[in-house]
Amino acid sequence: MLSRKGIIPEEYVLTRLAEDPAEPRYRARERRARFVSKNGNCNVAHKNIREQGRFLQDVFTTLVDLKWPHTLLIFTMSFLCSWLLFAMAWWLIAFAHGDLAPDEGSAVPCVTSIHSFSSAFLFSIEVQVTIGFGGRMVTEECPLAILILIVQNIVGLMINAIMLGCIFMKTAQAHRRAETLIFSKHAVIALRHSRLCFMLRVGDLRKSMIISATIRMQVVRKTTSPEGEVVPLHQVEIPMENGVGGNSIFLVAPLIIYHAIDANSPLYDLAPSDLHHHQDLEIIVILEGVVETTGITTQARTSYLADEILWGQRFVPIVAEEDGRYSVDYSKFGNTIKVPTPLCTARQLDEDHSLLDALTLASARGPLRKRSVAVAKAKPKFSISPDSLS
């Protein structure tokens, strides 16, 4: 009816009628967006910031946070603009005093050897960077010229201090040291001390140590409160096992950091079937410490999604004793091996200890069974028959 009246095109009606409305439509769910990327950058976009003037209240931090091309552009333009501004001031002083026309002006100029704007610009550069070629100088004829000389020196010192300090802070930023703090690409869940544990490996590639190093872990997931409030990024702190107490670590060689999954853990109901890219789960690892050589506090971050957690695997040893000292093989830093692990949640393992007993018995029989099968399959390479001895 509508197509006859020209309200809806006939092709659209035929296309819609050809579809089966009872047939369900499936759409592939996209992978969960990371809150923290693998290299430590926070995946957060700040939009609709109305009070942009707050950034100008802390100019130094704003300059340090800028990218290098923008910083170098501001560094160059700050000097050029100051030179041009004071060159204009010197030219106006010379013009007002009549120094540009020596025949009409006084016998003693305010600044010697200034005859054009180019010479005034060169004198401005000489004053601010304290070159002093000797061809131009301020005389005591004009008090205003002496005042401009003092002001330009103060402004030049301020620009040098701000810009050089900004470049120093950019080259010595804390995240530069964090480039040599590495984390394993995957995390693992396996048994340790008869408990399911979430484990990862962290290491430092430099010989200079990280003083007072501490490490923390958080679980970030979308939750809904009993009142119906949706929290898109709910952060829960994960306690870690440490024999010395607290979160402090002695990061001289790579360490395996682990979290025992107990009743207070947010991973208590995590099952092997939940470790896929559709699962709304992200574990953030934060390593903080003071750089030994510079004294600057640094922070390294990474995160693990659900499909980056390997169930039933363990990291291979990479530290060995050679020639009276310990050596670290970083080629095996992220390598893992499969180990017997119950395919159940930590809650189910706590409720039914027979799962752990059966796993222990199976792992004990495994090597004997493999050895007996290997002996049974072994065949002699030759045999001696009784006929050959007679």
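The chain is numbered in sequence order, starting from 1. From a predicted model like this one, the values you see are computed outputs, not experimental measurements.
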Quick one about Glu288 and Thr298 (side-chain donor to acceptor, distance below 3.5 Å, no hydrogens or angles considered), yes or no?
no

Run the side chain to side chain donor-acceptor pair (under 3.5 Å) test against Arg314 and tell me which residues pass, sequence neighbours left out.
none

Pairs of donor and acceptor atoms involving the side chains of residues 156-168, under 3.5 Å and at least two apart or interchain, shall be tabulated with distances.
residue, atom, partner, partner atom, Å
Asn160, ND2, Gly156, O, 3.1

Look at the side chain of Asp99 and the backbone N and O of Cys110, then say whether any donor-acceptor pair between them is shorter than 3.5 Å.
yes

Is any side-chain N of the basic residue among Arg177 and Asp204 closer than 4.0 Å to the acidic one's carboxylate O?
yes

Each residue besides Leu122 in its hydrophobic cluster should be listed here, by chain and number; the cluster joins Ile, Leu, Val, Met, Phe, Trp and Tyr at side-chain heavy-atom distances under 4.5 Å.
none

Can you find a side-chain donor-acceptor pair between His259 and Ser265 that sits under 3.5 Å?
yes

Side-chain donor-acceptor pairs under 3.5 Å in residues 208-223, sequence neighbours left out?
residue, atom, partner, partner atom, Å
Gln218, NE2, Glu237, OE1, 3.0
Arg221, NH1, Pro266, O, 3.4

For residues 62-72, which side-chain N or O atoms pair as donor and acceptor with protein atoms under 3.5 Å away, sequence neighbours left out?
residue, atom, partner, partner atom, Å
Thr62, OG1, Phe55, O, 2.7
Thr62, OG1, Asp58, O, 2.9
Thr71, OG1, Lys67, O, 3.0

Would you please test Gln152 and Ser124 for side-chain hydrogen bond (donor to acceptor under 3.5 Å, both in side chains) and show each step?
CA-CA 8 Å; Gln152 185 173 5; Ser124 176; 2.9 Å; yes

Is there a path of hydrophobic side-chain contacts, each under 4.5 Å between heavy atoms of I, L, V, M, F, W or Y residues, that connects Phe333 with Leu200?
no

Thr112-Arg136 side chain donor-acceptor pair, cut-off 3.5 Å
no

Shortest non-hydrogen contact from Val108 to Glu141?
O-CG, 3.4 Å

May I ask you to check whether Trp91 and Phe95 place their ring centers less than 6.0 Å from one another?
yes

Identify, with sequence neighbours excluded, every residue that meets ring pair (Phe, Tyr, Trp, His ring centres under 6.0 Å) alongside Phe75.
Phe79

